Amino acid sequence: MAGGSDAVETTSLSCAKCGKPAHLQCPKCVQLKLPREDAAFCSQDCFKASWVSHKSVHLKANLSSPALENPGEQNSGSPNDGWLYCLKKGQARTPNIPHFDWTGPLRPYPISKRRPVPAHIEIPDWSIDGIPKIEPNSNLQHVVEIKTPQQIARMRETCRIAREVLDAAARVIRPGITTDEIDGVVHDATIAAGGYPSPLNYHFFPKSCCTSVNEVICHGIPDARKLEDGDIVNVDVTVCYKGVHGDLNETFFVGNVDEASKWLVQCTYECLEKAIAAVKPGVRFREIGEIISRHASMSGLSVVRSYCGHGIGELFHCAPNIPHYSRNKAVGVMKAGQTFTIEPMINSGVWRDRMWPDGWTAVTADGKRSAQFEHTMLVTETGVEVLTARLPSSPNVFPWLNS
């Protein structure tokens with residue numbers, strides 16, 4: 001929202017952006033009855049320029065008082081309350097399954113309360129209230145950072161931990177286990193390694209990983225649903241350790257999976273591998289989408305456009321953005337020392353997505369299945385180093401790696 005603001009009755013207030021006399025006030029702040037001093041602006045330009053950081057005060061206010069907009073819905077209280085359905089990016093809970101035009105057979109299940117993190121674990125700046133302090137206004141949203149040798153060493157360590165955490169999750173996937181139990185494995189393995197289990201989203205995401213089943217494209221919330229024979233499930237893990245992040249995900253078979261799903265998962269794996277093979281200094285970021293789209297379309301599959309790869313390091317998400325589809329407009333070329341993720345999401349049917357009422361879970365618009373794979377990588381002087389690469393100890397769960 002940056003469409004307008006209400007007039008301030010007096011000019012005694014100063015602009016929260018530039019300090020000049022203020023004549024406007026953020027309408028959302030007025031609605032939430034927040035202090036006027038932090039909601040006053042001299043012009044629409046200052047209001048719009050401040051929006052990315054200013055809107056976080058609205059979220060913080062909502063988290064402090066998570067009442068639902070619809071008085072007919074029941075909210076049991078704190079976002080930490082467990083075994084309720086999630087709504088509005090964790091700001092609300094309800095005991096009843098939300099009303100929604102579901103695109104496929106999958107349905108959300110209740111989620112448990114947030115798992116505790118021991119006091120000795122170093123935490124990111126957004127972990128307490130869900131609001132990032134440094135990332136939104138960082139210059140690294142516009143400039144692709146060249147990592148120092150010290151940063152790279154920390155990222156290697158963090159990414160190895162992230163790989164080992166994902167491998168621990170892979171070992172327990174089977175029919176009958178709940179995605180909440182998978183989340184518990186991810187949480188415990190991350191804490192045991194001294195890392196912080198970073199969620200996909202800053203807005204008070206209540207879990208330690210994402211579990212995306214069948215038609216879920218990404219950002220599925222671990223819940224009480226038991227995995228069924230024939231499902232596919234993506235587990236997305238991010239670890240924050242020694243001040244840097246490592247991010248990866250893989251899509252796994254649950255029991256006996258049909259041939260179409262096997263082909264979807266294998267093709268998605270190949271899309272990522274082909275994209276990684278092209279990474280080296282001088283390659284345009286936009287080329288990644290061309291490579292992925294070409295392989296997917298030749299296989300009769302489609303590429304999701306709403307989500308992209310991203311820069312990563314001390315910030316969870318930063319420049320560059322790396323779209324996975326063809327004819328994208330990503331700017332810039334790769335240089336040695338850059339770190340980023342590539343994470344193609346490939347659908348069996350149409351590429352379009354829809355969002356569930358929880359505000360996180362993205363599903364295919366036609367209810368058909370989706371798969372994803374992701375790695376964090378470093379551009380080297382001669383090519384690429386996959387920081388989250390599979391280890392000799394990684395479980396051998398992908399049949400095509402044996403052929």
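Everything numeric here is computed off the predicted structure, so don't read it as measured data.
By the 6.0 Å contact criterion, CZ on Phe253 is enclosed, its count of non-hydrogen atoms from other residues, nucleotides or ligands being greater than 12. Under a cut-off of 6.0 angstrom, the local environment of NZ in Lys368 is sparse, with at most 12 non-hydrogen atoms contributed by other residues, nucleotides or ligands. Within a 6.0 Å sphere centred on CG of Asn256, heavy atoms belonging to other residues, nucleotides or ligands number 12 at most. A 6.0 Å sphere centred on CZ of Arg171 holds more than 12 heavy atoms belonging to other residues, nucleotides or ligands.
Of the possible polar contacts, one joining the Thr341 side chain to the His310 backbone as a donor-acceptor pair under 3.5 Å is found. Panel note: side chain Arg225, backbone Pro222; no donor-acceptor pair is recorded below 3.5 Å. Using modelled atom types, no side-chain atom of Asn214 and backbone atom of Ser370 make a donor-acceptor pair closer than 3.5 Å. A donor-acceptor pair is defined here as one N or O able to donate and one able to accept, closer than 3.5 Å; such a pair exists between the side chain of Ser302 and the backbone of Gly349. Between the Ser297 side chain and the Arg294 main chain, a donor and an acceptor come within less than 3.5 Å of each other. Asp229 places no side-chain N or O within donor-acceptor distance of the main-chain N or O of Pro175, the cut-off being under 3.5 Å. For Arg156 (side chain) and Arg154 (main-chain N/O), no donor-acceptor pair under 3.5 Å exists by modelled atom type. With hydrogens and angles ignored, the 3.5 Å screen pairs no side-chain donor or acceptor of Thr388 with any backbone N or O of Cys159. Under the 3.5 Å distance criterion, the side-chain polar atoms of Thr94 are matched with a main-chain donor or acceptor of Asn96. Side chain of Gln372 to main chain of Glu343: a donor-acceptor pair is present (N/O by atom type, distance under 3.5 Å, no hydrogens or angles).
The pair Arg160-Glu157 fails the salt-bridge criterion, with no side-chain N (NZ, NE, NH1 or NH2) lying under 4.0 Å from an Asp/Glu carboxylate O. With respect to Glu228 and Lys226, no salt bridge is recorded, no charged nitrogen being found less than 4.0 Å from a carboxylate O. Between Arg163 and Glu250, at least one side-chain N (NZ, or NE/NH1/NH2) sits under 4.0 Å from a carboxylate O, which counts as a salt bridge.
Residues Leu401 and Tyr269 have side chains in contact (heavy-atom distance under 4.5 Å, counting atoms from C-beta outward). Under the 4.5 Å side-chain criterion, counting only non-hydrogen atoms from C-beta, Ile342 is in contact with Val279. Residues Glu145 and Leu315 are not in side-chain contact: their nearest non-hydrogen atoms beyond the backbone lie 4.5 Å or more apart. Side-chain contact check for Val235 versus Ile173: some heavy-atom pair is nearer than 4.5 Å. In this structure the side chain of His245 never reaches within 4.5 angstrom of the side chain of Met155, judged on heavy atoms. Counting heavy atoms from C-beta on, the side chains of Glu135 and Cys318 never come closer than 4.5 Å. Side-chain contact check for Thr268 versus Leu264: some heavy-atom pair is nearer than 4.5 Å. Taking the side chain as every heavy atom from C-beta outward, Trp360 and Cys86 approach each other to under 4.5 Å.
Each of Asp223, Asp236, Asp180 was evaluated against Lys207; a single residue qualifies, Asp180, per the salt bridge (Lys or Arg N to Asp or Glu O under 4.0 Å) test.
Under the 3.5 Å distance criterion, with hydrogens and angles disregarded, a donor-acceptor pair is assigned to the side chains of Asp167 and Ser394.
Ring planes of Phe285 and Phe340: perpendicular class, angle over 60° (limits at 30 and 60°).
Of all heavy-atom pairs spanning Pro197 and His187, the tightest one is CG-ND1, 3.8 Å. Residues Trp83 and Ala224 approach most closely at CZ3-CB, 3.4 Å, considering heavy atoms. Taking every heavy atom of both residues into account, Ser212 and His219 meet most closely at OG-N, 3.4 Å. The minimum heavy-atom distance linking Ala275 with Ile291 is given by the pair N-CG2, 3.9 Å. Between Ile146 and Gln338, the shortest heavy-atom contact is CD1-CG, 3.6 Å. Residue Val303 comes nearest to Ser293 through the heavy atom pair CG2-CA, 3.9 Å, listed as atom of the first residue, atom of the second, then distance.
Residue Ile312 holds its CD1 atom at 4.5 Å from CG of Asp247, rounded to the nearest 0.5 Å. Atoms NZ and OG, on Lys133 and Ser138 in that order, are 15.0 Å from each other to the nearest 0.5 Å. Atom-to-atom distance recorded for Arg174:CZ and Glu181:CD is 7.0 Å, nearest 0.5 angstrom. For the atom pair SG of Cys271 and CG of Leu301, the computed distance is 7.5 Å after rounding to the nearest 0.5 Å. To the nearest 0.5 Å, atoms OH (Tyr307) and CD1 (Ile217) are separated by 7.0 Å. Separation of atoms CE (Met377) and CG (Leu248) is listed at 10.5 Å; rounding is to 0.5 Å.
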**OP:** Begin with the C-alpha distance, continue with both residues' side-chain angles, and end with the deciding distance and a verdict on side chain to side chain contact (heavy atoms under 4.5 Å, CB included) for Asp358 and Ile221.
**Re:** CA-CA 9 Å; Asp358 58 38; Ile221 304 175; 3.8 Å; yes
Subject >> Stepwise side chain to side chain contact (heavy atoms under 4.5 Å, CB included) test for His324 and Ile346 >> reply: CA-CA 9 Å; His324 305 117; Ile346 308 299; over 6 Å; no
**OP:** Evaluate the criterion side-chain hydrogen bond (donor to acceptor under 3.5 Å, both in side chains) for residue pair Arg369 and Ser261; output intermediate values, then yes/no.
**Re:** CA-CA 7 Å; Arg369 291 188 170 188; Ser261 295; 2.9 Å; yes
Original post:
Can you check side chain to side chain contact (heavy atoms under 4.5 Å, CB included) on Val384 and Met334, steps first, answer last?
Top reply: CA-CA 10 Å; Val384 62; Met334 300 175 191; over 6 Å; no
Original post:
So Asn347 and Thr364, side-chain hydrogen bond (donor to acceptor under 3.5 Å, both in side chains) or not? Walk me through it.
Top reply: CA-CA 7 Å; Asn347 294 350; Thr364 57; 5.7 Å; no
**OP:** Under the side chain to side chain contact (heavy atoms under 4.5 Å, CB included) rule, what do Tyr241 and Thr190 come out as? Steps first, then yes or no, please.
**Re:** CA-CA 9 Å; Tyr241 180 71; Thr190 305; over 6 Å; no
